[in-house]
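The chain is numbered in sequence order, starting from 1. When a ligand or atom number is given, it counts from 1 through the structure's own listing order.
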Amino acid sequence: MEERGSPDGDPARNLEQGPEGPETPIQVVLRVRPMSAAELRRGEQSVLHCSGTRTLQVSPPGGGPDVAFRFGAVLDGASTQDDVFRACGVRRLGELALRGFSCTVFTFGQTGSGKTYTLTGPPPQGEGVPVPPSLAGIMQRTFTWLLDRVQHLDVPVTLHASYLEIYNEQIRDLLSLGAPRPLPVRWNKTRGFYVEQLRVVEFGSLGALMELLQMGLSRRRSSAHTLNQASSRSHALLTLYIGHQTPLPSPHGALILQPQQMPPVDAGELPAGGKLCFVDLAGSEKVVATGSRGELMLEANSINRSLLALGHCISLLLDPQRKQSHIPFRDSKLTKLLADSLGGHGVTLMVACVSPSAQCLPETLSTLRYASRAQRVTTRPQAPRPPKAKPPQHLETELLQLQEENLHLRSQLGQMDPKASGLSGARAAWAQRNLYGMLQEFMLENERLRKEKKQLQSSRDLAHGEQRILAQQVRELERRLLSACYLQQPGPGPTPPCPCVMVPPLLCHAPPLLCPRCQLCPLCRAPLAHWACPRRELHLPQVFGSKAPGDWPLSARPPPWAPPCCPSSAKCSRERSRSEWTQTQVLAEMLTKEKVMPSAPPLPAGPLNASPVLRGGAAVPNLARRLEALRDQIGTSLRRGRSQPPPR
Ligand code: ADP
Ligand code: MG
């Protein structure tokens, strides 16, 4: 028979499409066992009919409406073990396990519906008698395929197996060296639920694995039952671990597998750490209907309780409102060990087994509903991440240094408590960003001001130079003016007039230096002030006209430190001509008060667009104006002198 299942219903195809997608539903395959000889003898009717490869029709006796159920694949009683193996896509699960995924196949159904048969074939006909190859179940076929696959891999693969049963809510190691004893179920973050001290046996050949299987099957609890002569009374879990590193040996000599120590395959596509688990559930049954008594009833109650817990977890997993909430996997050992397969990161295949007999219809309908719900449960398959290769020594040292530095910087950052500065985290970040922006602005502003300062300094130097030239010109003009005045003076007596009509501009010839008729300061050779001259009464009385002393402006009066003209005459100073003082004042201002003192460059008082030269050298035009006035006066004096007869 050809492989059954439509493209989108084929679990193998679906798994191939990407088990690491966001969510992968549990794949469900339905197997209907054939009517047994006993059922046929009793004249029981079949109420199940396969319609196509994915739909099962249930025709209730008595003419009720048909009920249809759809699954990934539906296999009728004529299907062979090989058909089932192919339709279930177990080989694909094996491939996924080789790539590191955690995969689970479990059978589910009423007692006597063919779960054990589907997984491991018919019960052994005698001690040491193997199952005929044609009747071998999914497990043996998977083992054969896996061992063959592993042999053709380019990389060495280590294979281990464990086998346990849950009997009356106790876990028993079916591969234990001594008599099986109850083992605890533990949980940790890395491994999830696991069985402590479970014996995990390494195997290297198909024969060795088959021996382990036979050993477990022979130790498994089974009882004669009205529905099944060899009814298994426990849930059995056989797990294959696929890895590439020798697991740590257990204290008892067996190997305890450390899943986190199963490294990836180095070369190629096979990260390791995969797992393939086969779960043969004990069958659900109605205690009253099966007539179980005593120990059988106790077993049935335990089985039903754990199956009930399993059903409860599936219901909760299906409820979108409660999916995020707590799933009571801890309610039973079975749900603990299936937690990863049902709601975790595993890839799961359920093979639902049903009997076609009308006598079993209520149980069959229950199984069908249960399986229908289960195929809506989704998992998020994840392969274990391969551990990173160890970096070289120098990189490791560098990494450690960087980590230390990182820690140090983090601690420093932690000390900069934003609350201490009254800022919340977001505001502190904002302020830091803006402080940085402000700093940049200040730097630019600083640069701009530096340039402006440079410009102003050069302007000031220019102004100084210009001022010096003007001062020289003023002195020259002054001399020329005095000469002109001297020439203009008619000369009443033999004594020549004193030409020193200037206010002493420098301290070296400040009073009481006397004018020795040379009219010059003996130190710096600058002309002396008129009032400082002892012969000032002989000076030229007027150059620009006269006026009463009382009318003199303040600037034209002699300075307070000026000595009296002569001791006998208090009116001496008042007798001086106004022009003398005016002239003196003008020149004094030129040489003292109007000295250009450029201000500091920033903060200009004038308009911002004014030239720095103008701002820094405002006195220069003033000097120029006064120089012009002097030139005019000299010109006037010269003209007047030329029009008069020269002195004798
Ligand atoms: P379960 O494990 O569900 O309680 P079993 O697998 O033990 O039931 O099967 C009960 C009986 O039915 C066994 O004798 C088994 O050989 C027989 N049986 C089950 N399924 C088939 C099948 N598909 N073809 C032939 N015999 C079957
Ligand atoms: Mg069974």
Undergrad: For Asp280, is at least one N or O under 3.5 Å away from an N or O on ligand 1?
TA: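 No, no N or O pair falls under 3.5 Å.
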Undergrad: So, is Thr116 placed with an N/O/S atom under 2.8 Å from the Mg ion (ligand 2), counting both backbone and side chain?
TA: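 Of the N, O and S atoms in Thr116, at least one lies under 2.8 Å from the Mg ion (ligand 2), which means yes.
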Undergrad: Do any heavy atoms of Ser36 fall under 4.0 Å from ligand 1?
TA: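 It does not, in that no heavy atom of Ser36 comes within the 4.0 Å cut-off of ligand 1.
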Undergrad: Any idea which atoms of ligand 1 are less than 4.0 Å away from a heavy-atom of Thr111?
TA: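 Here the atoms of ligand 1 in question are 4 (O).
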Undergrad: Checking Arg373 now: which residues fulfil side-chain hydrogen bond (donor to acceptor under 3.5 Å, both in side chains) with it, not counting sequence neighbours?
TA: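 Testing Arg373 for side-chain hydrogen bond (donor to acceptor under 3.5 Å, both in side chains), a comparison that skips the adjacent residues, returns Ser315.
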Undergrad: Charged N to carboxylate O under 4.0 angstrom, Arg220 versus Asp280?
TA: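 Yes, charged N to carboxylate O under 4.0 Å.
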Undergrad: Relative to the heavy atoms of Arg33, which atoms of ligand 1 are at a distance of less than 4.0 Å?
TA: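 Selected atoms, number and element: 19 (C), 20 (N).
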Undergrad: Any chance you could lay out the side-chain hydrogen bond (donor to acceptor under 3.5 Å, both in side chains) test for Arg219 and Ser176, step after step, and finish with the verdict?
TA: CA-CA 10 Å; Arg219 295 173 82 172; Ser176 65; 3.2 Å; yes
Undergrad: Ignoring hydrogens, just give me the one of Pro34, Ser355, Gly109 whose non-hydrogen atom is nearest atom 23 (N) of ligand 1.
TA: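 Comparing heavy atoms across Pro34, Ser355, Gly109, the nearest one to atom 23 (N) of ligand 1 lies in Pro34.
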Undergrad: Would you sort out whether Arg305 and Glu169 count as a salt bridge (Lys or Arg N to Asp or Glu O under 4.0 Å), showing the intermediate values?
TA: CA-CA 9 Å; Arg305 199 165 51 241; Glu169 275 302 284; over 6 Å; no
Undergrad: Using distance alone, decide if ligand 1 has a nitrogen or oxygen within less than 3.5 Å of any nitrogen or oxygen in Ser113.
TA: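 Indeed, backbone or side chain, Ser113 has an N or O that close.
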Undergrad: Would Ser102 and His345 count as having a side-chain donor-acceptor pair, cut-off 3.5 Å?
TA: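 Their side chains do not contain a donor-acceptor pair, so the 3.5 Å distance test is not met.
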Undergrad: Indicate, with yes or no, if the rings of Phe108 and Tyr370 have centres closer together than 6.0 Å.
TA: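 Yes: the rings meet the under 6.0 Å criterion.
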Undergrad: Does the residue Cys353 have a heavy-atom contact with ligand 1, meaning some pair of atoms that are separated by less than 4.0 Å?
TA: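 Judged by the 4.0 Å heavy-atom criterion, Cys353 does not count as contacting ligand 1.
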Undergrad: Name all residues meeting the side-chain hydrogen bond (donor to acceptor under 3.5 Å, both in side chains) criterion together with Ser46; count only those two or more places apart in sequence or in a different chain, and write none if there are none.
TA: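 Once residues adjacent in sequence are excluded, Ser46 has no partner under the side-chain hydrogen bond (donor to acceptor under 3.5 Å, both in side chains) criterion.
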Undergrad: Report the residue from Leu238, Val84, Ile138 that forms a side chain to side chain contact (heavy atoms under 4.5 Å, CB included) with Leu119.
TA: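 Among Leu238, Val84, Ile138, the one meeting side chain to side chain contact (heavy atoms under 4.5 Å, CB included) with Leu119 is Ile138.
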Undergrad: Mark the output for Gln110 as yes if a heavy-atom distance to ligand 1 is under 4.0 Å, and as no if none is.
TA: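 So Gln110 counts as touching ligand 1.
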Undergrad: Would you tell me which option among Gly114, Ala37, Ala78, Pro122 has the nearest heavy-atom contact to atom 8 (O) of ligand 1?
TA: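 Looking at heavy atoms only, the winner is Gly114.
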Undergrad: Select one of side chain, backbone, both or neither to describe which atoms of Arg31 lie under 4.0 Å from any atom of ligand 1, heavy atoms only.
TA: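 The answer is the side chain.
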